[in-house]
Each structure stands twice: as C-alpha cells, then as structure tokens.
Amino acid sequence: MTTRTHLRVSQPLDLDATLDGGQAFRWRRDGDAWVGVLGSAIVRLARTDGGVDIESDVPLASDIRGAIASYLRLDDDLPAIQRELATDPHIGDGVRAFPGLRLLRQDPWETLAGFILSSTSNIPRIARTMELIADTLGQPLELGDTTRHAFPAPEAFVRAGETQLRDLRCGFRAPYLVAAARAVATGDLALEALREAPYAEALAALSALPGVGDKIADCVMLFSLDHLEAFPVDRWIHRALVDWYGVESTFRYEALRDWAAGRFGPLAGYANQYLFWHIRQSRRPMIGAALTKPLAPKAGS
DNA sequence: CCACGGCCTGATTC
DNA sequence: AGAATCAGGCCGT
C-alpha cells in the first residue's frame, strides 16, 4: 500500500539541513526526496513550495501527517526563535546560512541508542551501524520498491545481547546498549516521563546509564525529549566556543553548560544546532551524506 | 576533584 | 603499502 498526501508548512524548513545534520541517522536521500522510518512507517518526504509531499506505507488514518509535523517540530515558531537568538552575531551567521534548519522531535529510545553509538565515532559510521542493527533485528517495511526496517525495540536489543551487538559492529558500546535496553524494557528508565521532568532530573536519570555521560544525555534530551535548554558540547561546539567566544579551553563540561545557559537561555539547544552547522561548514566543504557503503556483520558467528 | 590511558572499528593520513 | 592517527565520549585508576 502506498499513501500519498501533502502537509502544508508555513514554517521555514530545510529538509537537507534538518534531516542530514547529525541529529538523526536513518534518513537517506532519494533523488529530491528523503526516505526514513518513523516508528513502523516508512516515509518519503519531498519539499514543495507550500509544504511537504509525503509517501508512506501506512494508511492516512494513522495520522502520518500529524506524526511528521510533530517529528519536524512544526509547532516551534522558528522565526521567533531565530529573532531572539540571532542578536548573537555567530548565531546570526548560522541562521542566515541555514534559515530552515530545525530541531527534531525523535523517538527517545532510537535517539538514546544512536547517541550511545556516537561515542568516539562519526556520522557515516553511526548511520551504517544503526542500519545494520535495524536490518538484522527490526521488522521489515516496504514502500514501493524500497525496503527498510523499523528500529528495533529495547526488548530486541536485550534478546540480541552483547555478543551479537558486537558482531553488529557496535564495539565497546555493545554492553552499554544492552544495559540501556534492559533499563527501558523493565521500566526502570521511563523515557517518556522525562519529557515532563525538569532538566536536572532527566539528566540524572539518563546519565545513570553506563556509557551515557553529560554529552550523550544532552543530545537525547534535545533531540527527543523536548528539553530545548540542553546544550550538548562535543568537539565541534567546544571549538566554536573557544574560537568564537573566547571561552577558556580548560572549562569543564559543567562550566560550559552554565556558560551556554547564561548566554543563550532556555533556547540554547537551537543556538547549539546553528553553531554546530556553522562551524562544521566553515571547516569542511560538506557534511558527509549519511551512508556510503553498507556494512556487513562480522563473519563466522 | 583532576588527568590520563584505554576501548571497538573504519577512514584517512603519513 | 602498512602503520599511526583520528572520530560528535565515557569509564576506571
């Protein structure tokens, strides 16, 4: 089955920057469109003048439009956010370079798993590993002649266990994924509840997991749990803060978090994303399009 | 509390 | 070519 529909969008929206910017790892370019998986729906999105054309394998009655509007955070008034943040010159540069760059509201479990995998890695490799995991453990989905797989539930990670996840190229992150999956599956970690929880509480709950520190917790909170005040500091952001703002390079994570909160306020997460894109673009011609060569499991197990 | 080495692995650099 | 080095961190000492 193929559903075709259209979502009207009056907000600024740059699908390339938003879907291929390192927030999400499973979008693939297909001609002018992007193909990805939301829950158990495979979706193909193409920008039009008035909005987004949508193709999906699920019925319209499943409110696929609503799901995509939520995913793209079209409920955020981006022009107002940009006006507020762009009083800062470097954020202003980022906003002018990528006026349609939005934050996403992703599935918390997939986001947590993705950023556990991000540790000492890079975007193309994270994307390939996520895909290999989904292809191996997730439910198959079809849209036209495209086959993708749903991102597997925590229970599937628990069943797979550390050994199989190592075979799936997760490396030293494999036991971290199993522990996180177990915490979610048993209910010890109620991810959805962290949406409403105060930032500090959500941070404590996430960073209690092995393999999840301040940076990964901030990514999960920002990209999936509506905590727009989260300001993940990775190497790139650190570079921007030191080079452009004169922040002492010896500042520790906690000090950088406080600095960002003071400088950018409750929308620091949006500022973070514009800074991230801006500094990466200024240091490199292009962010690598996710997925070059497909990855295979280890032989012999 | 801080500094430092080690960790899987694939790509890039030397 | 084969060996170091580096990549969107985190953990233990």
Side-chain angles (χ1 to χ4, degrees), chain A residues 17 19-27 94 101 103-104 106 110-133 160-180 183 203-224 230-243 248-257 260 269 271-301:
Chain A
L19 300 179
D20 194 27
Q23 303 183 61
F25 301 110
R26 297 201 60 207
W27 289 96
L101 170 59
L103 286 171
L104 294 171
Q106 300 182 71
E110 179 176 336
T111 306
L112 176 57
F115 281 92
I116 286 174
L117 280 172
S118 77
S119 183
T120 341
S121 189
N122 54 71
I123 294 170
R125 192 178 112 178
I126 300 162
R128 285 199 308 272
T129 307
M130 293 275 279
E131 214 55 27
L132 180 59
I133 290 172
E162 176 179 339
T163 305
Q164 187 177 7
L165 289 172
R166 280 187 181 267
D167 289 346
L168 295 176
R169 311 292 172 155
C170 297
F172 63 84
R173 309 159 194 86
Y176 300 153
L177 285 170
V178 174
L203 173 65
L206 289 168
S207 53
L209 295 169
V212 179
D214 285 328
K215 192 272 177 181
I216 291 174
D218 274 333
C219 288
V220 175
M221 286 192 282
L222 182 59
F223 301 142
S224 73
F231 190 86
V233 180
D234 58 30
R235 294 171 139 89
W236 291 99
I237 291 292
H238 189 265
R239 208 165 303 171
L241 298 187
V242 172
D243 291 358
E248 290 292 333
S249 62
T250 55
F251 271 23
R252 318 206 57 65
Y253 199 97
E254 181 100 3
L256 295 170
R257 170 187 288 144
N272 185 291
Q273 198 60 197
Y274 288 112
L275 274 185
F276 180 75
W277 263 89
H278 185 32
I279 186 127
R280 285 202 66 152
Q281 188 215 216
S282 68
R283 299 306 180 86
R284 272 186 190 204
M286 272 258 292
I287 293 189
L291 234 91
T292 46
K293 277 181 291 189
L295 210 53
K298 284 185 184 175
S301 71

Cut-off 3.5 Å, no hydrogens considered: what does the side-chain donor-acceptor table look like for residues 113-120 of chain A, sequence neighbours left out?
unit_1, atom_1, unit_2, atom_2, d
Ser118(A), OG, Phe115(A), O, 2.7

Does [X] use its side chain to pair, donor to acceptor, with the backbone of [Y] at less than 3.5 Å?
{"X": "Gln23(A)", "Y": "Phe223(A)", "result": "no"}
{"X": "Asn272(A)", "Y": "Pro232(A)", "result": "yes"}
{"X": "Tyr253(A)", "Y": "Val233(A)", "result": "yes"}

Legend entry - Distance in Å, Ile133(A) CD1 paired with Leu177(A) CG, rounded so as to fall on 0.5 Å steps: 6.0 Å
Inset, instruction - To the nearest 0.5 angstrom, please state how far the CZ atom of Arg26(A) sits from the CD atom of Glu110(A). - result: 6.0 Å
[X]: side chain to side chain donor-acceptor pair (under 3.5 Å) partners, not counting sequence neighbours:
{"X": "Asn122(A)", "answer": "none"}
{"X": "Asp234(A)", "answer": "none"}
{"X": "Glu248(A)", "answer": "none"}

Legend entry - Positional range of nucleotides in DNA chain C within the contact set of chain A, heavy-atom, under 4.0 Å: dA7(C) to dC11(C)
Legend entry - Ile216(A) or Arg239(A), whichever maps to the more 5' nucleotide of DNA chain C: Arg239(A)
Inset, instruction - Take Val212(A) and Pro232(A), find for each the nucleotide of DNA chain C with the closest heavy atom, and name the residue whose nucleotide sits nearer the 5' end. - result: Pro232(A)
Between [N] and [M], how far is it from one [atom1] atom to the other, in whole Å?
{"N": "dG5(B)", "M": "dT5(C)", "atom1": "C1'", "answer": "16 Å"}
{"N": "dT9(B)", "M": "dA1(C)", "atom1": "P", "answer": "25 Å"}
{"N": "dC8(B)", "M": "dG2(C)", "atom1": "P", "answer": "26 Å"}
{"N": "dT13(B)", "M": "dG8(C)", "atom1": "P", "answer": "13 Å"}

Legend entry - Consecutive Watson-Crick or G-U pairs in runs of at least 3, all under 3.5 Å, in which DNA chain B is involved: B:3-7 with C:9-13, B:9-14 with C:2-7
Spacing of [X] atom [atom1] relative to [N] atom [atom2], expressed in whole Å:
{"X": "Phe251(A)", "N": "dA3(B)", "atom1": "CZ", "atom2": "P", "result": "14 Å"}
{"X": "Arg173(A)", "N": "dG6(B)", "atom1": "CZ", "atom2": "C1'", "result": "13 Å"}
{"X": "Leu132(A)", "N": "dC8(B)", "atom1": "CG", "atom2": "P", "result": "18 Å"}
{"X": "Asn122(A)", "N": "dT9(B)", "atom1": "CG", "atom2": "C1'", "result": "10 Å"}
{"X": "Asp167(A)", "N": "dT9(B)", "atom1": "CG", "atom2": "P", "result": "9 Å"}
{"X": "Ile126(A)", "N": "dA11(B)", "atom1": "CD1", "atom2": "C1'", "result": "14 Å"}

Legend entry - Check: Arg169(A) side chain, dC8(B) base, donor-acceptor under 3.5 Å: no
Legend entry - Salt bridge Glu254(A)-Arg257(A), side-chain N to carboxylate O under 4.0 Å: yes
Inset, instruction - Remember a base hit wins even if backbone is also touched, and classify Pro210(A) as base, sugar-phosphate or nothing at under 4.0 Å, heavy atoms. - result: sugar-phosphate
Inset, instruction - Using a heavy-atom cut-off of under 4.0 Å over every strand shown, decide if Leu168(A) touches base, sugar-phosphate, or nothing. - result: nothing
Inset, instruction - Ignoring backbone atoms, test whether Arg166(A) places a side-chain nitrogen or oxygen under 4.0 Å from the OP1 or OP2 oxygen of dC8(B). - result: yes
